[in-house]
Each structure stands twice: as C-alpha cells, then as structure tokens.
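Just so we're on the same page: letters track the sequence lines, and every chain starts at 1. Predicted, not measured: the structure shown is a model, and the values here were computed from it.
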Number of protein chains: 2
Amino acid sequence: MNISLRQLEYFAAVAEWLSFRDAADACFVTQPGLSAQLKDLERLLGVQLFERSQRTVLLTPAGETLLPLARNILTATDEFVDLARSLTQPLTGTLRLGVIPTVAPYLLPKTLPALRQRYPQLQVRLHEDLTHRLLEMLSHGKLDLLLVALEADLGNVSTLALTTDPFVVAVPARHRLAKRKRVTESDIAGEQVLLLDDGHCLRDQALAVCHTSGASEIGDFRASSLNTLVQMVAGGIGITLLPRLSLEVEVPQISQIVILPFRKPEPSRTIGLVWRTTSPRAHEFQLLAELLVP
Amino acid sequence: MNISLRQLEYFAAVAEWLSFRDAADACFVTQPGLSAQLKDLERLLGVQLFERSQRTVLLTPAGETLLPLARNILTATDEFVDLARSLTQPLTGTLRLGVIPTVAPYLLPKTLPALRQRYPQLQVRLHEDLTHRLLEMLSHGKLDLLLVALEADLGNVSTLALTTDPFVVAVPARHRLAKRKRVTESDIAGEQVLLLDDGHCLRDQALAVCHTSGASEIGDFRASSLNTLVQMVAGGIGITLLPRLSLEVEVPQISQIVILPFRKPEPSRTIGLVWRTTSPRAHEFQLLAELLVP
DNA sequence: TCGTATGATAAATTTTATCTATGAATATTT
DNA sequence: AAATATTCATAGATAAAATTTATCATACGA
C-alpha cells in the first residue's frame with residue numbers, strides 16, 4: 001500500500017495540536033481512527049513521527065523534518081483543486097479554432113474582437129485550412145472547434161448552425177445579366193462559371209448550384225481564393241458564385257462587377273460550429289454561438 | 001470526500017498512455033477500477049480531464065493545465081517518502097544532549113570528536129545544566145538525551161549506565177593524610193569537607209559519602225564548580241571529594257594537592273544516558289553508548 | 001460483416017477506514 | 001492517598017471505498 005493525503009492531513013493536524021484528540025476533532029474523525037492512520041503512516045515510512053506518552057505528544061526529529069514537506073504537499077493539493085474549480089468557468093483558457101478560408105476573412109474580423117471583449121480570459125488560436133484537414137485535426141485533438149460550412153461531409157461530429165449564407169451571382173459589368181436586379185438559378189444556364197480550387201467546400205457547393213442550374217465550370221481554371229475569382233470576373237473572363245458574406249470585403253463599391261442575388265429559394269451554405277461529439281466543452285460552444293449570432 | 005493521491009496517479013498514468021487500459025496495466029489495477037477513480041476525480045474537481053471516445057483518449061484543456069500540478073504533487077510525495085526512509089538511518093540529524101557540569105568538561109572533550117568522526121551526519125547540540133533542569137527539559141521534549149549521574153532521582157525514564165566514576169579524596173599537601181597512598185572512608189571521619197553548590201548531584205553524592213564516613217561539610221561554603229573546590233583545597237581550607245573523571249583536567253601534575261583513592265569498595269557515581277521511555281530513538285542511544293564506552 | 005479493440009457499467013468482493021467500547025497510564029483534584 | 005479525568009492505544013464491529021469479474025455498446029479495420 002501507499003501513503004495517502006489523508007494520512008498527511010492527520011500528520012499535520014497532530015503536529016499542529018500536539019494532541020491526538022484535538023487533532024481528531026479538528027479533522028472530524030474519532031481519535032482511534034486518526035491514531036490508526038498515523039500508525040499506518042509511520043509504518044509505511046519506517047519512521048516514527050510522534051513520540052507519544054499518555055500525557056504529551058511530541059514531534060520526533062524525523063517528524064520535525066518531514067512536517068514542512070507534508071504541508072507543502074497538502075497546499076499543492078489545495079491549489080490543484082482550486083485551479084480545477086476555476087477551470088469550470090466556461091470559455092477561459094485556450095480555444096483552438098479551425099476556420100475555412102472562405103469564412104475566416106469575412107466573419108472573424110467582426111466576431112473576434114467581440115469575443116475578446118466578452119470573454120477576455122479566452123485565448124483563441126486560429127488555424128485556417130480546408131474542411132477535410134480541419135476535420136482531421138479536430139479528430140486528432142489538435143483543434144477544439146471548427147467554423148465551417150455544414151454542407152460538407154463532416155462525419156460523426158456535433159454541429160451547430162449559426163447562420164445561412166446565400167450565394168449571389170457576380171457578373172462582369174457588360175454581362176447580359178448585368179442589368180437585372182435578381183436572377184433565378186435557370187438564368188445562369190449555359191454560363192461559364194469560375195470556381196475555386198479542389199478541396200474548398202465552397203467549390204463543391206457552387207458546383208452543385210451549377211449542376212442544378214445548367215451552368216458549367218470553366219475548364220482548366222481553379223482559383224485559390226475568392227479574391228482571385230472576383231478579379232477574374234472583373235476581367236470579364238466569366239461569372240462566378242460568391243457567398244454573400246464575402247461581398248463586403250471582396251467586392252469594392254464601384255467596380256466592373258455586378259452582384260445579383262437569387263430569387264427565393266436562394267441557394268445557400270450554412271455556416272456553423274463543429275466539435276467532437278465527445279468534447280466536454282459543448283456547453284461552452286453553445287455560449288460562443290450565442291455571441292456569434294446575436 | 002476528498003481527492004486522493006491514487007486518483008492523481010491514475011490521472012498521470014492515463015495522461016501518459018492516453019489509454020485507460022494501458023494505464024490500468026501500468027498501475028496494476030483493472031481498467032474499470034481506474035475508470036471509476038478518474039470519474040470520481042473529475043466529479044470532485046467539477047472538470048473533465050479526459051475526452052474519451054471508444055477509440056481515442058485526449059487530454060482536455062483543463063487536463064492539460066492540471067497535469068503538471070498533479071505530477072508535482074506526486075513527485076513531492078515521492079520525495080517525502082524518500083526523505084522519511086533516509087531518516088531511518090540511525091544517528092543522523094540533530095541530537096539535543098543535556099550534560100551536567102560535573103561531567104561535561106571532562107568527558108566531552110574526548111567523546112565529541114570521536115562522535116563527529118563516527119557519525120558525521122549527526123549534529124550534537126549541547127546543553128549544560130543541573131540534573132533537575134535537564135530532566136525537566138527532557139520531559140518537555142526540549143532535549144533528546146541526557147548524560148548525567150544515575151544516582152540522582154530521575155523519575156520515570158530509561159537509563160543506560162556507561163561507566164563508574166570513583167570518588168577520590170583531594171587533600172592539601174600539608175594535610176595529615178597527604179603521605180598516604182590510599183584511604184578508607186573512615187579515614188576522613190571528622191574532616192571538614194568542601195562541597196559544591198546546592199542542586200549539583202555530585203554534592204548530594206559526596207554528602208552521602210560524608211555521612212557514612214563521619215566527615216562533615218564546611219558550613220557556609222558552596223563552590224559552583226569543581227575547579228573552585230580544587231583551588232580551595234590547594235589553599236589549605238579543607239579537603240574535598242572529586243570524581244576521578246575530573247582529575248586529568250582539574251588537578252595539575254605538580255601542586256599543593258594530593259589525591260588519595262579509596263580502598264575498595266570505593267564510593268563512586270555512575271555516569272549514564274537518560275532518555276524518555278517513550279523516545280523512538282532508544283536504539284540510537286544504544287549505538288551512541290557503544291561509542292562512548294568502547 | 002465479422003472480429004477485435006476500447007471505455008463504460010453493474011454487481012460482487014475485498015480492502016480500507018471509521019466508529020464504539022474499553023483499557024492502561026498518568027496527571028490533577030479532593 | 002484515593003478518586004477523577006484525561007490521554008493515547010487496542011479490539012471488534014461496521015461503514016465506506018476501491019477493486020475485480022463479467023458484460024455491454026461502440027467503433028474501427030480486415
């Protein structure tokens with residue numbers, strides 16, 4: 001058997017009171033119980049800690065030497081428990097957040113400062129990557145939470161939808177549709193659509209829209225960012241689909257680009273949070289969601 | 001209930017192996033036992049330490065934060081036990097030794113250096129005082145061991161006789177007995193004997209010799225040390241009784257003093273060790289005695 | 001789809017800690 | 001000096017805790 005914290009507590013108590021009886025009272029146990037524990041401790045250590053006569057209890061030199069160490073262990077244990085309890089306050093410490101590239105630049109500039117203000121104790125460490133890599137890191141415990149489009153195949157995870165992000169059509173100023181206020185999906189049938197690189201979930205979602213609308217991808221071209229797509233459209237190369245979320249950042253006020261919303265039901269993606277189903281921080285993520293979509 | 005060292009051990013083990021099964025093996029318990037303990041620990045802390053899925057075990061951020069503290073507690077505990085075990089080596093640390101004034105100057109100059117050489121780890125702290133004060137300090141735990149004459153009334157203590165210290169008679173060079181080689185107790189009948197102050201056990205022992213031999217104390221005179229007595233004898237004021245132990249130091253080779261041993265059975269005092277019956281160091285004192293009387 | 005991991009759970013069992021009652025020893029009080 | 005009260009230790013009974021055995025549900029890989 002091994003020594004126990006309880007034994008150290010009793011040791012410290014008797015050292016303090018120099019009385020088994022008083023120490024037992026202070027520890028809310030009976031005196032024989034405390035005596036037994038100390039006897040055991042002394043047996044385990046191979047050292048007598050106290051010198052008992054019926055009338056007096058004295059610390060032996062060994063006891064004197066060991067007492068400060070015992071006290072240290074006990075206070076370290078208290079600190080351990082205190083720290084643990086303080087960790088129960090939600091959204092403190094570190095949050096490793098994975099975000100996809102078609103969301104990060106448009107959502108985070110607004111939300112991160114708000115997050116910092118509401119939960120100043122929370123340290124957010126960002127990682128921007130494609131959905132499948134984020135999922136991998138999530139499952140390996142390298143990330144705590146993802147901010148992605150929920151349309152992708154995410155596997156067995158917990159999700160929480162935050163917001164619906166509709167697609168819009170971006171066409172060059174001189175495009176045949178440029179005068180329209182809105183479009184339906186069938187309006188872009190036959191169009192050459194510029195899309196993102198492989199791996200971007202936005203590519204897959206836009207591709208799905210193309211399929212249902214009868215548009216087709218411009219062969220041989222893959223943009224690595226929405227910004228590139230916008231540049232291409234402005235250059236008159238073709239049209240593209242953009243998430244409305246990105247417009248404020250990516251599309252300048254006056255430009256050679258015209259933005260056309262879809263008529264309802266508009267195609268859209270869903271931005272949401274993703275975490276391991278086994279994560280103990282689910283409730284924290286709920287709180288965080290409340291802040292992200294007020 | 002409170003957290004236990006066992007729980008911290010299991011915590012550290014699972015954190016190391018990232019597997020409940022392997023950790024359980026490493027701790028020589030079954031997996032359910034370990035699981036139960038960790039569940040309890042998490043309940044007590046109010047914090048989940050591990051994130052379990054059937055396939056993987058991950059440290060939560062809280063677990064990550066708490067792990068180093070837990071490890072610290074465990075190593076501190078190991079050190080505590082190690083130190084305790086090392087204290088079982090006898091005659092290390094501090095020994096608070098009380099010695100009477102009629103022994104200290106004559107015995108210690110020889111024995112202390114020997115002690116220091118044999119037990120270099122032992123620190124001796126000396127206190128020189130009268131027997132009854134030494135006994136008081138002993139019973140109060142302010143001293144560990146006494147070196148006194150065992151003839152005194154010592155109360156309920158453990159004793160170990162070291163050596164017999166015979167009395168001798170010291171007479172002025174011109175005294176009627178000065179030509180004798182030896183004396184018997186009756187030889188000093190009627191003599192005026194110089195004695196120590198009240199409280200010195202040697203005074204009581206010498207007085208006892210006087211009573212049986214028919215000598216009497218010189219009224220109104222009390223010496224505070226053997227040296228004073230010797231000076232008085234040298235001055236021809238009277239005779240005295242000295243412990244043979246003191247001769248080498250107190251009586252110069254050539255002097256106005258003649259030392260006369262008693263014929264057997266010579267009166268004597270017994271020098272010995274005294275400790276509380278309850279002291280756990282009794283065996284150490286035995287060892288020490290072996291060194292004092294080779 | 002089956003076999004083989006994993007961790008969780010339930011019940012039984014063993015171990016450990018505690019309590020009650022009591023004893024021996026020793027100061028203190030009468 | 002006897003009686004009293006207080007101390008810590010001990011023994012046996014009891015309560016509490018830890019552990020084991022047996023089993024389940026789940027997920028991964030062949």
Is [X] close enough to [N] that one of its side-chain N or O atoms is under 4.0 Å from OP1 or OP2 there?
| X | N | result |
| --- | --- | --- |
| A:Ser19 | D:dC8 | yes |
| A:Arg52 | D:dC8 | no |
| A:Ser35 | D:dA9 | yes |

[N] [atom2] sits how many Å from [X] [atom1], rounded?
| X | N | atom1 | atom2 | value |
| --- | --- | --- | --- | --- |
| B:Asn2 | D:dA17 | CG | P | 11 Å |
| A:Leu18 | D:dT6 | CG | C1' | 16 Å |
| B:Arg21 | C:dT9 | CZ | C1' | 13 Å |
| A:Arg276 | D:dA27 | CZ | P | 15 Å |
| B:Asp22 | C:dG7 | CG | C1' | 12 Å |
| A:Lys39 | C:dA17 | NZ | P | 14 Å |
| A:Ile3 | C:dA17 | CD1 | P | 12 Å |
| B:Glu42 | C:dA8 | CD | C1' | 13 Å |

- Side-chain donor-acceptor contact under 3.5 Å, A:Arg269 with A:Thr102: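 Yes, because at least one side-chain N or O of A:Arg269 sits under 3.5 Å from a partner of the opposite role on A:Thr102.
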- Is a side-chain donor-acceptor pair under 3.5 Å present for A:Thr60 with A:Glu51?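 Short answer, no.
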Listing time: all N or O pairs from protein to nucleotides 18-21 of chain D that are below 3.5 Å?
| unit_1 | atom_1 | unit_2 | atom_2 | d |
| --- | --- | --- | --- | --- |
| D:dA18 | O5' | B:Gln37 | NE2 | 3.3 |
| D:dA18 | O3' | B:Arg6 | NH1 | 3.0 |
| D:dT19 | OP1 | B:Arg6 | NH1 | 2.7 |
| D:dT19 | OP1 | B:Tyr10 | OH | 3.0 |
| D:dT19 | OP2 | B:Tyr10 | OH | 3.4 |
| D:dT20 | OP2 | B:Thr30 | N | 2.5 |
| D:dT20 | OP2 | B:Thr30 | OG1 | 2.8 |

- Query: Is it true that B:Glu42 and B:Arg52 have a side-chain N and a carboxylate O under 4.0 angstrom from each other?
  - Reply: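 Salt bridge present between B:Glu42 and B:Arg52.
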- Message: For a side chain to side chain contact (heavy atoms under 4.5 Å, CB included) check, start with the C-alpha distance between B:Val81 and A:Leu45, then their side-chain angles and the critical distance, and finish with the verdict.
- Response: CA-CA 6 Å; B:Val81 175; A:Leu45 296 178; 4.2 Å; yes
- Message: Over 60° means perpendicular and under 30° means parallel, so tell me whether B:Phe285 and B:Trp275 are parallel, tilted or perpendicular.
- Response: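 Judged by the thresholds at 30° and 60°, the geometry between B:Phe285 and B:Trp275 is tilted.
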- Query: Is there a donor-acceptor pair closer than 3.5 Å between any side-chain N or O of A:Arg85 and the backbone N or O of B:Leu44?
  - Reply: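 Yes, because the side chain of A:Arg85 sits within donor-acceptor range (under 3.5 Å) of the backbone of B:Leu44.
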- Task: Would you mind telling me which of B:Val157, B:Leu150, B:Leu292, B:Leu146 makes a side chain to side chain contact (heavy atoms under 4.5 Å, CB included) with B:Leu273?
- Result: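 For B:Leu273, the side chain to side chain contact (heavy atoms under 4.5 Å, CB included) check succeeds only for B:Leu292.
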